[in-house]
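Quick note: numbers below take in every heavy atom, side chains included, and nothing from hydrogens, waters or symmetry partners. Numbering of ligands and ligand atoms starts at 1, following listing order.
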Amino acid sequence: MSLVAGVVAVQGNVSEHASAVSRAGETYDERVEVREVRSGGVVPDCDLLLVPGGESTTISRLVHAEGIAPEIRSHVERGKPVLATCAGLIVLGRTADERVDCLGLLDVEVERNAFGRQRDSFEARLDVAGLDEPFPAAFIRAPAITDAGACEVLARVDGRPVAVRQGPIVGTAFHPELTDDARLHRLALFDVPPVTQ
Ligand code: GLN
């Protein structure tokens, strides 16, 4: 069987996610065909969706301008898996700051660049619910989740949620695509009940 994975490619870490989702699929003997999403019309054909990190102000502006935003919404409404990382988490969330036009698909309130200058970028071995061993998580000007609303919290740093799940969406404040470890992509995109339509 072959699955189509869309990577929102208006800005941000696209190729790393493309290779991580392909590697994650191999574990399941799934051939994954990756499509870059730069405009409307691609997401409706996707089984899986990745919304990468980058700059949330730019990504949110472009997904609205390109007609991708309503397609992400219907992908979620159909229960299809989404992995949203860093800026992607911010864009899918409920509220960030006035510069980001959030989609409100994930019930989180976030504080952008929350880990401060000293810890602008850092790595942490994170305990993630659903993974047996700690995950090597890269944080780059990462947001913190200040209110996880109805989400299940999967991981925390200093007590603050940094990975959540709500329905078909997994959101992380860190960058799972920047390691060789594809377990987070598996957890979010493949270890879920298949959607039949
Ligand atoms: N600081 C960025 C923002 O707020 C997110 C950083 C990232 O995606 N690595 O949009």
Side-chain angles (χ1 to χ4, degrees), residues 5-21 34 36-38 48-66 68-69 72 76 81-126 128 135-149 151 153-158 160-166 169-185 187-189:
V7 183
V8 173
V10 292
Q11 196 253 341
N13 305 76
V14 177
S15 59
E16 295 89 346
H17 271 300
S19 100
V21 70
V34 179
E36 295 195 354
V37 178
R38 297 180 193 281
L48 316 172
L49 189 63
L50 298 100
V51 189
E55 204 50 52
S56 54
T57 49
T58 308
I59 294 173
S60 73
R61 184 167 50 76
L62 291 173
V63 294
H64 284 97
E66 297 296 332
I68 302 165
I72 298 177
V76 170
V82 180
L83 174 58
T85 61
C86 204
L89 164 79
I90 300 170
V91 171
L92 259 61
R94 174 164 34 91
T95 167
D97 60 38
E98 70 289 344
R99 299 182 59 219
V100 187
D101 191 358
C102 294
L103 294 177
L105 296 171
L106 194 57
D107 189 20
V108 293
E109 183 181 288
V110 302
E111 181 189 342
R112 296 176 61 207
N113 307 316
F115 289 94
R117 281 216 175 154
Q118 307 264 324
R119 296 179 72 190
D120 245 1
S121 296
F122 61 99
E123 278 191 29
R125 289 189 63 77
L126 274 190
V128 178
F135 187 86
F139 290 80
I140 303 168
R141 297 181 59 233
I145 295 168
T146 47
D147 177 12
C151 299
V153 175
L154 302 178
R156 296 177 189 270
V157 166
D158 298 340
R160 296 194 267 190
V162 292
V164 293
R165 182 197 287 284
Q166 186 180 22
I169 308 175
V170 169
T172 68
F174 54 90
H175 288 268
E177 77 284 9
L178 295 184
T179 69
D180 290 338
D181 190 330
R183 285 179 299 154
L184 219 299
H185 285 72
L187 181 82
L189 300 170

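- Here H175 pairs with nothing under the ring pair (Phe, Tyr, Trp, His ring centres under 6.0 Å) rule; sequence neighbours left out.
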Subject >> Full working for side chain to side chain donor-acceptor pair (under 3.5 Å) between S56 and R112 >> reply: CA-CA 9 Å; S56 54; R112 296 176 61 207; 3.3 Å; yes
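- Between L189 and L48, the shortest heavy-atom distance links the atoms O-CD2, 3.5 Å.
- Counting only heavy atoms from C-beta outward, the side chains of T85 and F174 never approach each other to under 4.5 Å.
- Between H17 and V14 the shortest side-chain heavy-atom distance does not fall below 4.5 Å.
- Counting only heavy atoms from C-beta outward, the side chains of V91 and L103 approach each other to under 4.5 Å.
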Could you list each N/O atom of ligand 1 together with any protein N/O atom closer than 3.5 Å, one pair per line with the distance?
unit_1: ligand 1; atom_1: 1 (N); unit_2: N113; atom_2: OD1; d: 2.6
unit_1: ligand 1; atom_1: 1 (N); unit_2: R141; atom_2: O; d: 2.9
unit_1: ligand 1; atom_1: 4 (O); unit_2: S56; atom_2: OG; d: 3.4
unit_1: ligand 1; atom_1: 4 (O); unit_2: R112; atom_2: NE; d: 2.8
unit_1: ligand 1; atom_1: 4 (O); unit_2: R112; atom_2: NH2; d: 3.2
unit_1: ligand 1; atom_1: 8 (O); unit_2: G54; atom_2: N; d: 2.9
unit_1: ligand 1; atom_1: 8 (O); unit_2: G54; atom_2: O; d: 3.1
unit_1: ligand 1; atom_1: 8 (O); unit_2: A87; atom_2: N; d: 3.1
unit_1: ligand 1; atom_1: 9 (N); unit_2: I140; atom_2: O; d: 3.0
unit_1: ligand 1; atom_1: 9 (N); unit_2: H175; atom_2: NE2; d: 2.8
unit_1: ligand 1; atom_1: 10 (O); unit_2: E55; atom_2: OE2; d: 3.4
unit_1: ligand 1; atom_1: 10 (O); unit_2: S56; atom_2: N; d: 2.7
unit_1: ligand 1; atom_1: 10 (O); unit_2: S56; atom_2: OG; d: 2.7

